[in-house]
2 protein chains.
Amino acid sequence: MMYLLNGKEYPCPIELAVSVFAGRWKISIICQLLQGKKRYGELKKNITGVNHKMLAEQLRELEEAGIVKREVYPVVPPKVEYELTELGKGLGPVIDYLREWGEHFQTDATGESLSTANGS
Amino acid sequence: MMYLLNGKEYPCPIELAVSVFAGRWKISIICQLLQGKKRYGELKKNITGVNHKMLAEQLRELEEAGIVKREVYPVVPPKVEYELTELGKGLGPVIDYLREWGEHFQTDATGESLSTANGS
DNA sequence: CGGTATCCTGATAGATACTG
DNA sequence: CAGTATCTATCAGGATACCG
């Protein structure tokens, strides 16, 4: 039994799952889209630090993985909206669990109150 | 508020959590150790494809992250055992969730019954 | 506005060999 | 048996520019 994602085979479902959001900006994107449908520009604005190429690339990969649905409106100027598929929404609880576990490493040593950027 | 792991700062607990097991062999290692304490050689034998340097390196990173505890027996030849810390064991449910989600991508298209290698 | 192509760089993975 | 060091290949991330 194998697990198939984007033409790549994984012997283990866990490794596949991790590969889905191991990309540099994918978590941020998924967190954004868990809040609902968003335009490309909104994502770009909300995810601090991401550049144009990266955002487009990671979105395409998420789309190919069946996590994200892309909707193109044939207007000028172009308008493109992204939202999670049902499969993608299934990541909600996974993300919650990861957040919960990650919070063990919390520190307020820095006086800075940066909050959790990028909608996470 | 920031999240600190191995001297690196993360604005988001989820990204930190992912970084913990994003390494090439870390999932396999954690899955192995969820089964209980293991010697280095056992890990090497059970995790197919990993090489010596990689295994040692990833183990050290997991150790530094406080996920894995390393126990050295001062004997000749050397004997070293690895086990999960309490923090590491807390990854159990996370891993379960990831597995459950990853199984959506299951396929038996290949006649091969490779099973889920590496103890996952 | 949004997508794609090119190029560059640093990080990561792997092979190999030497050490106690 | 287990750890470390060195070298090399590969890839992901990022800056930039051009296209529809």
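A, B, ... follow the sequence lines: proteins, then strands. Residue 1 opens every chain. Below, all heavy atoms of this structure are taken into account, side chains as well, without hydrogens, waters or symmetry copies.
Phosphate contact (OP1/OP2 of dT12(C), side-chain N/O of Q58(B), threshold under 4.0 Å): absent. Contact between the side-chain N/O atoms of R70(A) and the OP1/OP2 oxygens of dG2(C) is not found at any separation under 4.0 Å. A sub-4.0 Å separation between OP1 or OP2 of dA2(D) and a side-chain N or O of R39(B) is present. Side-chain N/O atoms of R24(B) include none lying less than 4.0 angstrom from OP1 or OP2 on dT12(C). Using a 4.0 Å cut-off, some side-chain N or O of W25(B) falls inside it from OP1 or OP2 of dG14(C). Applying the 4.0 Å criterion to OP1 and OP2 of dG3(D), one finds that R60(B) has every side-chain N and O outside that range. For dT4(C), neither phosphate oxygen OP1 nor OP2 lies less than 4.0 angstrom from any side-chain nitrogen or oxygen of Y40(A). Close to dG14(D), at under 4.0 Å from its OP1 or OP2, lies no side-chain N or O of N51(A).
We find that CD1 of I29(B) is positioned 11 Å from P of dA13(C), with the value rounded to whole Å. If you take CD1 of I47(A) and P of dG13(D), they are 14 Å apart, rounded to a whole angstrom. When the C1' atom of dA13(C) is taken as reference, atom CD of E61(B) falls 12 Å away, rounded to whole Å. One atom, NZ of K38(B), and another, C1' of dA2(D), lie 18 Å apart when rounded to the nearest Å. When the P atom of dC1(D) is taken as reference, atom NZ of K53(B) falls 22 Å away, rounded to whole Å. Rounding to whole angstrom units, CD of residue E71(A) and C1' of dC1(C) are separated by 16 Å. Atom P of nucleotide dT16(D) and atom CE of M54(A) are separated by 14 Å, given to the nearest angstrom. Distance, E57(A) CD to dT4(C) C1': 10 Å, rounded to whole Å.
One end of the helix from dC1(C)-dG20(D) to dG20(C)-dC1(D) points its axis 40° away from the other end's axis, with each axis taken from 5 pairs and the angle rounded to 10°.
Interface residues of residues 72-80 of chain A facing DNA chain C, ordered by number: P77(A), P78(A), V80(A); criterion, heavy-atom separation under 4.0 Å.
Between the W101(B) side chain and the P13(A) main chain, no donor and acceptor come within less than 3.5 Å of each other. Judged purely by atom type and a 3.5 angstrom limit, N51(B) uses its side chain to pair as donor or acceptor with the backbone of K53(B). Remark: the backbone N or O of I67(A) is paired with a side-chain donor or acceptor of T85(A) at under 3.5 angstrom.
Side-chain contact between Y82(B) and L33(B) is present, with heavy atoms from C-beta onward closer than 4.5 Å. Residues C31(B) and I14(A) meet the side-chain proximity criterion, which asks for heavy atoms closer than 4.5 Å. The shortest distance between side-chain heavy atoms of L98(A) and Y97(B) does not fall below 4.5 Å. Between F21(B) and L62(B) there is no side-chain heavy-atom pair separated by less than 4.5 Å.
Closest to the Y82(B) side chain, of the nucleotides dG2(C), dC7(C), dG3(D), is dG3(D).
Contact annotation for K44(B): no contact, since no heavy-atom pair falls under 4.0 Å across all strands. When heavy atoms are screened at a 4.0 angstrom cut-off, E42(A) is found touching no nucleic acid atom at all.
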For the pair K89(B) and E86(B), evaluate salt bridge (Lys or Arg N to Asp or Glu O under 4.0 Å) and give the outcome as yes or no after the intermediate values. CA-CA 5 Å; K89(B) 287 174 189 163; E86(B) 287 310 308; 3.3 Å; yes
Would you sort out whether V50(B) and Q58(B) count as a side-chain contact (heavy atoms from CB on, under 4.5 Å), showing the intermediate values? CA-CA 10 Å; V50(B) 73; Q58(B) 305 276 299; over 6 Å; no
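The ring pair (Phe, Tyr, Trp, His ring centres under 6.0 Å) search around Y10(B) returns none, not counting sequence neighbours.
Nucleotides of DNA chain C nearest to G49(B) and L59(A) differ in position, and the one nearer the 5' end is that of L59(A).
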